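One structure is given below, encoded as structure tokens.
Computed from a predicted structure; not experimentally measured.
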Amino acid sequence: MRIHFVGIGGVGMAGLALLEKSLGNDVSGCDLHAGPRTRWLEENGIRFAEGHSSEHVGEADVVIATPAVSRSNPEIAAAVESGKLRYRGEVLAEIASSRETIAVCGSHGKTTTATFIAKLLLALGEDVAWAIGGETGSFPVARAGKGPLVVEADESDGTLALYHASVLVVTNCEYDHPDHFKTPADYFACYDAARANAGTVIESLSLAPDGWDIPVVGEHNFRNARTAIEVALMRGHSRDAIAAVLSRVVSELPDRRFQKLAEGVYTDYAHHPTEMKCAVAMAREVCEGRLRVLFQPHRYSRTKALIKDFPSAFALADEVVLCPTYAAFEEPVEGGSSEDLYAECAAQLDFPRQSLVLAQSCEEAWRHASRAMRKGDVTLILGAGDIISLAPEAAKFVAPSA
């Protein structure tokens, strides 16, 4: 088949594109800009075009997109009109359900757990395939292999319920994505459907430490690694074989999982209160001075639904700088702005007024943080939106000597 990807440079789309190529399909894609990931795709025989045009759809049999791409996109509009449009989540679930698959789902820790599983099985000699929403140094978003397929199964659009996994790993389950799931019951039902469809279910929170020495920072990362060990044990690998490669497997977290950008500057993808609390705790461990957190709320709907839970995530910080809410194609929702979150933080946190800052942009937040930094301070850049665009500038930061 001729398959065209709209937004192929995205971390999830690139992985699925490689899987489709490995199945013998003719794969092409486009995105607004070229980058390291699109060059990697081209090296793997996938055609890339910079920019969007309805002409890209012409000869394709199928056009794959994510719900995040606007319906006004010319390629999406053309694909809808021609009946060629399919969404990434349903296509990945279809592929995963057609072969031996280890599907990793959960509200938090999916990317890290799936990465640890794939790296561990590869280190143990299995010809493992994977499609994961993250990359780590030389570890790419996807690999074609003849062994088990490790996938990060996303629940955000409800397609998790479509999976029929050989093994379903559930890291945890906590209400999220209120833009799609209107009630917690709807959210949990999606997980229940995936559990019912699976051959075997591993619940990460039920696993005992069992004496494993796992060299990672953070209790949540210990659980992520312990889950990978459980998968390997279930597949017949010995404790000794696992122990021999474990430290190498967990030596790096996926990008934007408490990633060090410069001395005293870290970034993390966390955007749910529970994830944020873990990231702030990790930052506190390495901070000798003031801990400054720059946070960009992700989606108005999430900010409104969880607004009472966000302030406690900042409890260990000395200063919080809030950036404007990242819309992710949502229209503004009353009660879901960064101003609303500022008011809630001011009401809940015992902070001096000058330690709670409302920035007009992510760039303004970084200028404030970089000028305020002193020796021993740590700045943590949190969020899943375009706050990541601060990374190149933040990586140039030189820590003050006093």
Side-chain angles (χ1 to χ4, degrees), residues 89 92-93 96-97 100-121 124 126 128 130-134 148-177 180-181 183-214 216 218-239 242-243 246 249-250 253-254 257 270 272-278 281 309:
L92 182 57
S97 300
E100 183 186 15
T101 298
I102 302 161
V104 182
C105 67
S107 306
H108 323 296
K110 292 186 292 290
T111 302
T112 302
T113 301
T115 297
F116 284 168
I117 292 170
K119 291 178 74 173
L120 181 56
L121 297 184
L124 292 169
E126 296 203 42
V128 62
W130 66 76
I132 299 171
L149 170 64
V150 179
V151 297
E152 182 178 339
D154 183 20
E155 83 281 10
S156 65
D157 58 358
T159 54
L160 173 61
L162 303 178
Y163 279 79
H164 289 73
S166 310
V167 177
L168 183 76
V169 172
V170 183
T171 60
N172 44 63
C173 196
E174 186 176 17
Y175 182 50
D176 198 0
H177 307 293
H180 183 84
F181 301 101
T183 69
D186 295 336
Y187 183 79
F188 300 138
C190 183
Y191 281 87
D192 288 340
R195 288 185 179 99
N197 293 337
T200 301
V201 178
I202 295 175
E203 301 278 355
S204 296
L205 295 178
S206 69
L207 299 176
D210 290 343
W212 288 97
D213 180 18
I214 305 175
V216 292
E219 182 184 345
H220 58 296
N221 284 320
F222 183 96
R223 288 197 301 270
N224 296 337
R226 177 64 184 86
T227 303
I229 291 169
E230 188 68 17
V231 172
L233 290 171
M234 182 179 289
R235 295 186 63 78
H237 297 285
S238 70
R239 288 181 67 100
I242 294 169
L246 187 59
V249 166
V250 302
L253 296 175
R257 273 67 182 179
H272 183 284
T274 299
E275 300 165 345
M276 293 161 57
K277 192 173 294 185
C278 289
D309 300 324

* Are the side chain of Asn172 and the backbone of Ser107 linked by a donor-acceptor contact shorter than 3.5 Å? -> yes
* May I ask you to decide whether Glu100 forms a salt bridge with Arg235, counting only side-chain N to carboxylate O separations under 4.0 Å? => yes
* To do: Step through it carefully: locate the ring centre of His220, locate the ring centre of His108, and say whether they are under 6.0 Å apart.
  => no
* Closest non-hydrogen atom pair between Ile229 and Leu246, with its separation -> CD1-CD2, 3.8 Å
* Would you say the side chain of Ile202 lies within less than 4.5 Å of the side chain of Val170, judging by non-hydrogen atoms? -> no
* Any side-chain heavy-atom pair from Pro209 and Arg226 closer than 4.5 angstrom? -> no
* Do the rings of Phe181 and Tyr187 sit parallel, tilted or perpendicular, given the 30° and 60° boundaries? -> perpendicular
* Asked: Would you call Ile102 and Leu149 a side-chain contact if the rule is heavy atoms closer than 4.5 Å?
  -> no
* Salt bridge present between Arg195 and Glu203 (N-O < 4.0 angstrom) -> yes
* Asked: Side chains of Thr227 and Phe116: closer than 4.5 Å at any heavy-atom pair?
  -> no
* Less than 4.5 Å apart, any side-chain heavy atom of Asn197 and any of Tyr163? -> no
* Run the salt-bridge test on Asp210 and Arg239 with the 4.0 Å N-O cut-off and return the result as yes or no. => no
* To do: Kindly indicate whether the side chain of Asp186, heavy atoms from C-beta on, has any atom under 4.5 Å from the side chain of Thr183.
  => yes
* Return yes if a side-chain donor-acceptor contact under 3.5 Å exists between Glu155 and His180, otherwise no. => no
* Under the 3.5 angstrom rule, does the side chain of Lys119 hit a backbone N or O of Thr115 as a donor-acceptor pair? -> no
* Report the C-alpha distance between Leu168 and Thr200 in whole Å, list the side-chain angles of each, state the deciding distance to 0.1 Å, and finish with yes or no for side chain to side chain contact (heavy atoms under 4.5 Å, CB included). => CA-CA 6 Å; Leu168 183 76; Thr200 301; over 6 Å; no
* To do: Decide yes or no for Thr101 and Val151: does some side-chain heavy atom of the first lie under 4.5 Å from some side-chain heavy atom of the second?
  => yes
* Ser204 vs Val169 side-chain heavy atoms within contact, under 4.5 Å -> yes
* Asked: Is a side-chain N or O of His164 found less than 3.5 angstrom from the main chain of Ala96, in a donor-acceptor match?
  -> no
